[in-house]
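Every chain is numbered from 1 and lettered A, B, ... according to where its sequence line falls, protein lines coming before strand lines.
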Protein chains: 2
Amino acid sequence: MSSPTPVRRGPGRPPRRAADGLETRSALIRCGTAVLTEKGFAAAGIDEVLRSVGVPKGSFYHYFDSKEAFGQAVIDHYAAYFARKLARCFEDRTLTPLARVQAFVDDACAGMARHDFRRGCLIGNLGQEMAVLPESFRARLEAVFADWQQRLAACLAEAVAAGELRAGADCDALAAFFWIGWEGAVLRAKLVRSAAPLRCFAAGFMAGLPR
Amino acid sequence: MSSPTPVRRGPGRPPRRAADGLETRSALIRCGTAVLTEKGFAAAGIDEVLRSVGVPKGSFYHYFDSKEAFGQAVIDHYAAYFARKLARCFEDRTLTPLARVQAFVDDACAGMARHDFRRGCLIGNLGQEMAVLPESFRARLEAVFADWQQRLAACLAEAVAAGELRAGADCDALAAFFWIGWEGAVLRAKLVRSAAPLRCFAAGFMAGLPR
DNA sequence: ATATTTCGAGACGGCCGGTCTAATATCTCC
DNA sequence: GGAGATATTAGACCGGCCGTCTCGAAATAT
């Protein structure tokens, strides 16, 4: 019997399938997200992504102008994914604001453990690589960090309103501080293959908050 | 007139010169430190180092078994250099213990600015790259971080003794927290090409210390 | 049915980077 | 002063990777 999705692979325009073009394209992006999150941009090869998805090289340059354009698409995809995750955590009304921050940390620990601490944060990876990256990445990466910072700052502002933080606390500065250090924690977690750095940083952050 | 050091370049055993082998070798390491600190290990090419030092490609494998071995040597060199810097800062009796930490931060800000925020921290760079690095690097990088943490913890212990920190403060945990987050700050400073993240993290760290 | 457009297969070129081998000049020791 | 040992290098090799190119076939329009 034939496979459930008889993916024709051979030259010629493929038979019409529901939004197949989008399927292929987004499969490439999804796989690329995993690969770039693990290896970074420069060290990752397009061929690896293609082989893993089962798409021939010729298709790639039909969907993307270049590796650089592909990277941009992957960043956008990751940013959207992460924004959803942050919204889920930081706007969860069933928890107190500070408990939401802790929930994010717990979620991140579980996430890294699930991939044996080989994958880190795509944005952090690429930020570290800026010296060897197309300059076009810089603005996009900065924008993503700005978004994260704003989301966390809003959550911290709720903490102030709820009396969990001292009135007058500088939520923006605290949020900036968190994300700056968090990337370091992710980096270290990859190195020691353990969630300890994530927990260490989170605990230190919580302990240092102005109550 | 001939150059002061008439470096013979051509096949054959070179004329005896005072420790020339060590000269060449350490020149490679010094240049490699700069390059790896900027680009990381995977993205850095040996050719670039060789060209920059004026050593032919064939020579490389006379001095090092492989790129991996070269990387190890560079790590060792960088670790020694950084240990000296930390000793200079953290054991400076002319400053209070906490002022020494701030002195290190100021020094680091100046250092990154001097290279236009293109160079970061070699150890952090390589840590981030672990997924695509020879496994042999892991232990060495961890050891370097452990050394840094211990040096900072000692300084913080002095701060406790001097009454700058609350008695009973967990200096080891605080030191671990600092280095975890600091690497994130360096990463971010490279991204935004500014010392602001370094200062933001340092300020947050200082503000959160138990007094 | 014919022409045109859309999509994909897979090979190819060019480049670059790490590694190895052979060759060569000097040193050392008899 | 000659012979072997040693230090250094030139250059070739191999493999990977990005990007391109041509061809082929299905879908769609006319």
K.L.:
Between the side chains of B/Glu48 and B/Arg51, is the shortest nitrogen-to-carboxylate-oxygen separation below 4.0 Å, so that they form an ion pair?
P.N.:
no

K.L.:
Within a radius of less than 6.0 Å around CD of A/Glu68, do more than 12 heavy atoms belonging to other residues, nucleotides or ligands occur?
P.N.:
yes

K.L.:
Between P on D/dG19 and OH on A/Tyr61, what's the gap in Å once rounded to a whole number?
P.N.:
4 Å

K.L.:
Round to the nearest Å and state the distance from A/Glu48 atom CD to D/dG16 atom P.
P.N.:
13 Å

K.L.:
Counting any heavy atom closer than 4.0 Å, what does A/Gly45 reach on the DNA or RNA strands: base, sugar-phosphate only, or nothing?
P.N.:
sugar-phosphate

K.L.:
Of all the choices, C/dG18, C/dG8, D/dT8, which nucleotide is nearest to the side chain of A/Tyr63 once you look at every atom?
P.N.:
C/dG8

K.L.:
Would you call A/Asp106-A/Arg199 a salt bridge at under 4.0 Å N-O?
P.N.:
yes

K.L.:
Distance criterion of 3.5 Å, no angle test: do you see the side chain of A/Lys57 paired donor-to-acceptor with the base of D/dG19?
P.N.:
yes

K.L.:
Nearest whole angstrom, please: distance from the C1' of C/dG18 to the NZ of B/Lys67.
P.N.:
8 Å

K.L.:
Could you state the CG-C1' distance from A/Asp47 to D/dG15, rounded to the nearest angstrom?
P.N.:
12 Å

K.L.:
For the pair made of CG in A/Leu28 and C1' in C/dC7, what is the distance, rounded to whole Å?
P.N.:
13 Å

K.L.:
Starting at CG of A/Leu50 and ending at P of D/dC18, how long is that distance when rounded to a whole Å?
P.N.:
9 Å

K.L.:
The side chain of A/His62 is closest to which nucleotide in this list: D/dT20, C/dC7, D/dA7?
P.N.:
C/dC7

K.L.:
Would you mind telling me which residue lines up with the more 5' stretch of DNA chain D, A/Gly58 or A/Ala44, judged by nearest nucleotide?
P.N.:
A/Ala44

K.L.:
Kindly assign one of parallel, tilted or perpendicular to the pair A/Phe178 and A/Trp182, based on the angle between their ring planes and the thresholds 30° and 60°.
P.N.:
parallel

K.L.:
Within the structure shown, what part of the strands sits under 4.0 Å from B/Ala43 by heavy-atom distance: base, sugar-phosphate, or nothing?
P.N.:
nothing

K.L.:
Does A/Ala42 reach a base, just sugar-phosphate, or nothing at all? Heavy atoms under 4.0 Å.
P.N.:
nothing

K.L.:
Output the single nucleotide from D/dG19, C/dG8, D/dT8 whose closest atom is nearest the side chain of A/Thr24.
P.N.:
C/dG8

K.L.:
Between C1' on D/dT20 and CD1 on A/Ile46, what's the gap in Å once rounded to a whole number?
P.N.:
12 Å

K.L.:
Salt bridge check: are B/Asp116 and B/Arg193 linked by an N-O gap of less than 4.0 Å?
P.N.:
no

K.L.:
Rounded to whole angstroms, how far apart are CZ on A/Phe70 and P on D/dC18?
P.N.:
11 Å

